[in-house]
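When a ligand or atom number is given, it counts from 1 through the structure's own listing order. Values below: all heavy atoms of this structure, side chains included; hydrogens, waters and symmetry mates excluded.
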Amino acid sequence: MRSFSYERATSIEAALQAAARNVDARFIAGGTNLLDLMKLEIEKPSHLIDVNGLGLDTIEKSPEGGLRIGALVRNTDLAADETVRRDYGLLSRALVAGASGQLRNKATTAGNLLQRTRCPYFYDPNQACNKRQPGSGCSAFGGVTRQLGVIGVSEACLATQPSDMAVAMRALDAVVETRGASGAKRSIPIGDFHRLPGDTPHIETELEPGELITGVVLPPPVGGKQIYRKVRDRASYAFALVSVGAVIHPDGSGQVAVGGVAHKPWRVEDAETELSKGARAMSAVLMEGARPTEQNKFKISLVERTLEAVLKEARE
Ligand SMILES: Cc1cc2nc3c(=O)[nH]c(=O)nc-3n(C[C@H](O)[C@H](O)[C@H](O)COP(=O)(O)OP(=O)(O)OC[C@H]3O[C@@H](n4cnc5c(N)ncnc54)[C@H](O)[C@@H]3O)c2cc1C
């Protein structure tokens, strides 16, 4: 692990200024992803700005009747929050499907959204990876791709975004709130927040260098049955092969996002008009244009079957 300097920011302005002074700096929240990546020398910040003291750890009603979740709210606290459990059950279920109790006690809302891919080639410095080292190639092509992306992929990258929480937030139409290096506030709809890989897979979100996430806003409760179903190789402590986060209304309409298949939580609003016709009709539109490999083409039918199970559960 390389040496680095560390400071504990005591205000948002101080954190932004520290980031502006150090181009190689990273914010650190729970540290559950960043520190692992630093130990492997995949992330090499020269300076860490600890944002745990910024007071961004509250969950409050928004003026519009939704919920404002501070960037530093721990995954455990968010999942257990009474309002979240009652009005945004999908989010609570997605959170508890992720990681382990100990990790969720440390992991934060912002850190979870920004956690990096679990592609094995990204984690192995002996392999080519355009995400880890732009322009070096992608060893996943011709390699082991069972876990990797099937839709929205590019010639440069097959990685997926691994967050369970982000899938729920995508289905719930969350908005990410930030402060830029100049202090300016931005609101980024979650659908625009994560990027597809294209030929710049190392640029994973719309955040500018030094931009701080301050919170995430959920719109007013949408009701419906809220279900998160995660399919994985082990029953716990494993990332999703495929996951479906859904809000299903009594009239059969709904909002559906899928995890484990793309470089961002995958949602196609047009596909939701097919929902009342069933899982097959919807997943045909949802997964149109997919480019799976031999090893991961099972994910296409797995999406359909997982969605079918979600619809059945909603009917029951
Ligand atoms: C063994 C293991 C199993 C796991 N399983 C799952 C799983 O099944 N599902 C799942 O979803 N996740 C899983 N995780 C991932 C875990 O959820 C993430 O590591 C965690 O959510 C990251 O949050 P953090 O606060 O620790 O982020 P950190 O590690 O502190 O930061 C992550 C990134 O976010 C940036 N950052 C943090 N806060 C801010 C901010 N306010 N503004 C701007 N940038 C910021 C940091 O600079 C860094 O780049 C697992 C992790 C481990 C280690």
Side-chain angles (χ1 to χ4, degrees), residues 4 6 9 11-12 15-16 18-19 22 24-40 42-57 69-79 91 93-118 123 131 147 160-170 176-181 185-186 188 193-194 202-216 228 230-243 245 259-260 265:
F4 57 89
Y6 167 89
S11 69
I12 291 176
L16 292 172
N22 300 276
D24 288 338
R26 291 280 187 285
F27 299 120
I28 183 162
T32 61
N33 190 220
L34 183 58
L35 289 177
D36 281 355
L37 293 169
M38 286 172 65
K39 288 176 198 166
L40 293 165
I42 294 168
E43 293 268 13
K44 299 171 212 164
S46 59
H47 187 65
L48 287 186
I49 305 157
D50 188 332
V51 292
N52 285 283
L54 301 188
L56 299 172
D57 53 1
I69 303 158
L72 271 294
V73 172
R74 308 286 156 182
N75 288 179
T76 298
D77 297 333
L78 186 56
L91 178 58
R93 291 186 180 105
L95 282 159
V96 296
S100 65
Q102 291 99 324
L103 282 160
R104 293 194 296 269
N105 288 343
K106 288 301 286 180
T108 62
T109 306
N112 192 312
L113 281 179
L114 292 173
Q115 64 175 290
R116 304 200 67 190
T117 185
R118 293 283 158 172
Y123 273 82
K131 189 182 277 298
Q147 294 275 351
T160 58
Q161 212 290 335
S163 165
D164 290 294
M165 183 193 78
V167 176
M169 286 187 168
R170 180 70 179 95
V176 182
E177 292 192 333
T178 71
R179 294 278 298 273
K185 293 182 180 177
R186 268 214 295 170
I188 310 170
F193 183 76
H194 295 101
H202 58 292
I203 306 174
E204 296 169 346
T205 69
E206 283 302 310
L207 290 184
E208 300 286 344
E211 192 167 359
L212 178 78
I213 297 180
T214 51
V216 175
Y228 188 74
K230 178 174 176 179
V231 184
R232 47 190 155 173
D233 282 329
R234 278 195 310 256
S236 75
Y237 211 37
F239 289 90
L241 284 168
V242 160
S243 68

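Remark: ligand 1 atoms within the under-4.0 Å shell around heavy atoms of Y237 are 1 (C). Applying the 4.0 Å criterion to heavy atoms of P162 picks out, from ligand 1, the atoms 10 (C), 11 (O). Residue L34 approaches ligand 1 through these ligand atoms, each under 4.0 Å from one of its heavy atoms: 29 (O). Contact atoms of ligand 1 toward A110: 38 (N), 39 (C), 40 (C), 41 (N) (distance under 4.0 Å to a heavy atom of the residue). Heavy-atom proximity to E211, at under 4.0 Å, picks out these atoms of ligand 1: 43 (C). Near L114, meaning under 4.0 Å from any of its heavy atoms, are these atoms of ligand 1: 33 (C), 34 (O), 35 (C), 36 (N), 43 (C), 44 (N), 45 (C). Using a 4.0 Å cut-off to heavy atoms of A238, the atoms of ligand 1 that qualify are 8 (O). Each of the atoms 11 (O) of ligand 1 lies under 4.0 Å from some heavy atom of S163.
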- Query: Could you go step by step and tell me if I213 and E177 meet the side-chain contact (heavy atoms from CB on, under 4.5 Å) rule?
  - Reply: CA-CA 6 Å; I213 297 180; E177 292 192 333; over 6 Å; no
- Task: Report the C-alpha separation of V51 and I12 in whole Å, then their side-chain angles, then the decisive distance to 0.1 Å, and conclude whether the side-chain contact (heavy atoms from CB on, under 4.5 Å) test is met.
- Result: CA-CA 8 Å; V51 292; I12 291 176; over 6 Å; no
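No side-chain donor-acceptor contact under 3.5 Å links T108 to the backbone of V73. No side-chain donor-acceptor contact under 3.5 Å links Q115 to the backbone of Q161. Side-chain atoms of S163 come within 3.5 Å of backbone atoms of M165 as a donor-acceptor pair (strictly under, hydrogens ignored). No donor-acceptor distance shorter than 3.5 angstrom exists from the side chain of T178 to the backbone of G180, with no hydrogens or angles considered. Not one N or O on the side chain of R93 forms a donor-acceptor pair closer than 3.5 Å with the backbone of V96.
Contact of the S100 side chain with the Y237 side chain is registered, since non-hydrogen atoms from C-beta on lie closer than 4.5 Å. Looking at heavy atoms from C-beta onward, L212 lies out of side-chain contact with I49 at the 4.5 angstrom threshold. For the pair M169/T109, a side-chain contact is recorded, criterion being any heavy-atom separation below 4.5 Å from C-beta on. The shortest distance between side-chain heavy atoms of K131 and E204 falls below 4.5 Å.
Counting heavy atoms closer than 4.0 Å to ligand 1, residue R118 contributes side-chain atoms (C-beta onward) but none from N, CA, C or O. Contacts between R179 and ligand 1, counted as non-hydrogen atom pairs separated by less than 4.0 Å, are absent for every part of the residue. No part of A166 comes within 4.0 Å of ligand 1, judged by heavy-atom distances. Contacts of L35 with ligand 1, taken as heavy-atom pairs under 4.0 Å, are absent altogether.
Checked against a 3.5 angstrom limit, the closest N/O atoms of N33 and ligand 1 fall inside it. Considering both main-chain and side-chain atoms, D36 never comes within under 3.5 Å of ligand 1 through any nitrogen or oxygen pair. Inclusion of E43 in the set of residues having an N or O under 3.5 Å from an N or O of ligand 1 is not warranted. Inclusion of I213 in the set of residues having an N or O under 3.5 Å from an N or O of ligand 1 is warranted.
The shortest contact between atom 12 (N) of ligand 1 and any protein heavy atom is with Q115 NE2, 3.3 Å. At the top of the distance list for atom 7 (C) of ligand 1, counting protein heavy atoms only, stands A99 N, 3.1 Å. Of all protein heavy atoms, the one closest to atom 25 (O) of ligand 1 is T108 OG1, 2.6 Å. Regarding atom 38 (N) of ligand 1, its nearest protein heavy-atom neighbour is A29 CB, 3.6 Å. With hydrogens left out, the protein atom closest to atom 46 (C) of ligand 1 is F27 O, 3.0 Å, a heavy atom. Closest to atom 10 (C) of ligand 1, if we only count protein heavy atoms, is D164 OD2, 3.5 Å. For atom 4 (C) of ligand 1, the closest heavy atom belonging to the protein is F239 CZ, 3.3 Å.
Nearest to atom 30 (O) of ligand 1 by heavy-atom distance, out of A94, G31, S236, G111, is G31. Nearest-residue assignment for atom 19 (O) of ligand 1 (options L207, L212, L103, T32; heavy-atom criterion): T32.
Defined by atom type and a distance below 3.5 Å, a donor-acceptor pair is missing between the side-chain atoms of N105 and Q102. Residues D50 and N52 have side chains that bring a donor and an acceptor to within less than 3.5 angstrom of each other.
The one candidate from R179, E206, R186 that meets the side chain to side chain contact (heavy atoms under 4.5 Å, CB included) condition with E211 is R186.
Remark: K230 engages D164 in a salt bridge, criterion side-chain N to carboxylate O under 4.0 Å.
Ligand 1 has K230 within reach: a non-hydrogen atom of the residue lies less than 4.0 Å from it.
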